[in-house]
Each structure stands twice: as C-alpha cells, then as structure tokens.
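Remember, it's 1-based here, ligands and their atoms both numbered in the order they're listed.
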Amino acid sequence: MKSGIYIHIPFCARKCRYCDFFSYAADESTKLAYIKALVREIEAYGKIIRKSENKVEISTVYIGGGTPSVVPAEYIDEILRAISLAFCNGEKFQGQEITIEMNPATVTQDKLEKYRESCINRISIGMQSANDKELELLGRLHSYDDFVACYEMVRKTGFRNVNIDVMSALPRQTISSYEDTLQKVIDLDPEHISSYSLIIEQGTPFYGLYGENGSKKSELPDEDTERDMYDLTVEKLAEAGYERYEISNYSKAGMYSRHNTSYWKRTPYHGFGAGASSFWGNKRWKNTSDMKKYLQLDPERLEEIRTEVEDITRMDAMSETVFLGLRMTKGISKKEFFEAFNEDIHAVFGKEIEKHVKAGTMIEEGDRLFLSERGIDVSNYVFADFV
Ligand code: SF4
C-alpha cells in the first residue's frame, strides 16, 4: 500500500510571535536525544510493518516542523537512512518526493549539499513577506535579503523543485505591500508557491495584540481587504503561469506538492516524532507532545507514545473524502467515491450537495464536484456541512 511519511522536528531557533505549532528553541543535547528517539521509533515501526501483510510503498517523505534546518544535516541523513532501512530494504530512494522545510536564517551551503547527498529533492522555504517591517513584526529571524541569499544558495546547489511560503492579512499589511511580496516571489520563479492568510491563534503573543479583545486588533486588514488579497494572489499567480490546485497552493505545470496532495486524497501516512499524526488502516493517532515522554520511547511499546487514537468509521471516511477533496480545485470524482465506498455520493450527501449547488458555492460538472469561487470564499462553512 502506498504511504507518505511525515517527520516532525519540533525545534526552532526562536519562536515567531504568531506561531502555535509544536516547536521551541532547544539545546544541542536535547536535539541529539530527540533524533535518537526518532530513529528508534522509525526502526521499531519498520519491524512491525515488515512482519505485517500490508506491504508499504513509500511515495513521499516530508520533513517539517518547527524548523528542520535548525539541526545538523547529519541528523537529517540519519533519519532518512532509518526510513530507507525500515521501509525500502536499505536501498537508495528512487522516485520519491523528499521535502525539507527551512527557515532562511538557518541555512548554509554545506547543509544544502548534504541534503542533496541524502536524496532530498524538494525544498520549502518560509519567506512569509518581502517587507522587513512585516518580517520583524512577525518575529521572523530573517530579513528579505537573507531569504534571497538562501534561495540563491538553494538554486546554486541544484535543487529544481522549490516552494516559497508567503502570508497575507498581516497586521499593517496593505494591498500594495502584499502585491510587492507576490511580485518578488514571482520574479524568483519558484516551482511552487503557498499563500496562507494569517490566523490569530490563542496562546500566541499575537493573540493578546490582535485576538478577540486585542489592543491592536484594528491594525489587521478587514475582511474585504483580506478577500482582495486572496483574489490578487489568484490573478497575479495565474498571469505568471501558476495553477491554483488547492485553496492556498499554486504550482507550475506538474510541480504540485505530491505529499500535501496525498493528504487531500486520503492516502495513508505515517508520522514520526513528537506531536506527529498518522493515518493508517482505519485509524488516526497522534504521538505525544510531551518531550520527556517521547525521549524515553521504548521501541517495544510504541503504543505508549500514541495519544488521541481514533477509529475512523465508514461515515467518517466518506466525510473526509468530501471535505478534504473539496480543498483541491479539481474537487472530487463521483466515480472514485463510488469505487471507494460502493455507494453513490448523492445517496449519502444528496441534500448537502443540492444545497450548495443551488447556493452557487459548489459546481457539479460531469464526474466532478468542486467549489465555485464563492464556495472557496466560504469554504469552512461548506466543509462544515459534510462533517
Ligand atoms: S519558524 Fe515556523 S515553526 Fe518555527 S516558530 Fe516560526 S512559524 Fe513557528
């Protein structure tokens, strides 16, 4: 069975002010102990998989975080070797998409060369903005010039599949400063661009400033401006030859993220590391985010680090197929739904589909069901009807 692998590296050089991901600044000995625990987890899981009848074929590996580039490149190599031994008989990766996320402030030429030797073939760089004032406000560790230097190093090292992350709806961001960021990204000509709106998460320093009762809430762009920024993204990136294939993701022809697409298509995946989620068989689970507990991981008792183990019912699986599939601009195939569940999608979700087609938020065309532009604007409201 095809599977993706997600590796979580929960370390960052410093916490950004808007971030609620599981990540923190750790000392070198914690990083080393963590990599050792991670390798133990991969090896132990590999043993289980090799004994089971379900053979696993790894299609993608995604090393995310946190900031994976904050640990030495040798640690990343160790992890990839453990994956190869556990799932690919120790053979060199061939044909898999292997991505690593990086923060421009933590990259060196030497690290990039080592990544290539480790078979990494896709780089995802968090740029977020081309405006230094916005970067400072976000608490990012890099300037725009640092980002450009990093991008040039990545290209010089020979990487031909690069994603750049940008953010919109930032405090004090204007349409024109966002347009400038987009233009600068387009000029760099990456294969893939992700653009997400800032979400003010509880528990972050930003929440006190820009959350519900935040003292500086008025500095956030209003809803109409946020929508204009989204429309501008779609328009500018289309003009520059990028296809929007998911609500927030754009790529040159064929250069979509295979790993992220596999989430939206419900391909199984194994997540390794503290806080990583997995989806395999009819179960989902999440590893503990308790670092102390994770570092003590006993390879004979992997179940001890698993939390939030959830059985996926047939109805859950059908719902997920629809609301994850609708994230993609091509939406879902009614035929594929039938092949997966032996049931017509209209027999299960007929009322909901009719409601949204009538409201103009969903389009039914031949075999496909997908969100309209209006539906993308209110996608969370549409998805809620299928949960
Ligand atoms: S670099 Fe990324 S993961 Fe780390 S704190 Fe900033 S936003 Fe969060």
For Tyr256, look at atom OH and say whether over 12 heavy atoms of other residues, nucleotides or ligands are found less than 6.0 Å away.
no
Is the shortest heavy-atom distance from the side chain of Arg284 to the side chain of Glu320 under 4.5 Å?
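Yes, their side chains come closer than 4.5 Å.
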Closest protein heavy atom to atom 2 (Fe) of ligand 1, given as residue, atom name and distance to 0.1 Å
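Here the closest protein heavy atom is Arg140 NH1, 4.0 Å.
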Nearest-contact summary for atom 7 (S) of ligand 1 - protein heavy atom, Å
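Result for atom 7 (S) of ligand 1: Tyr18 OH, 3.4 Å.
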Sequence neighbours left out, what passes salt bridge (Lys or Arg N to Asp or Glu O under 4.0 Å) with Lys334? Give chain and number order.
Glu364
Among Tyr269, Phe279, Phe323, which one satisfies ring pair (Phe, Tyr, Trp, His ring centres under 6.0 Å) with Tyr263?
Tyr269
With sequence neighbours excluded, tell me which residues meet side-chain contact (heavy atoms from CB on, under 4.5 Å) with Lys335.
Ser333, Glu339, Asp367
If the condition is ring-ring contact (aromatic ring centres under 6.0 Å, His included), which residues does Trp280 pass it with, not counting sequence neighbours?
His270
Against Phe337, only a single residue in Ile332, Asp344, Val348 fulfils side chain to side chain contact (heavy atoms under 4.5 Å, CB included); can you say which?
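In the set Ile332, Asp344, Val348, the residue that makes a side chain to side chain contact (heavy atoms under 4.5 Å, CB included) with Phe337 is Val348.
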Quick one: give me the number of protein N/O/S atoms under 2.8 Å from atom 4 (Fe) of ligand 1.
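There are 1 of them.
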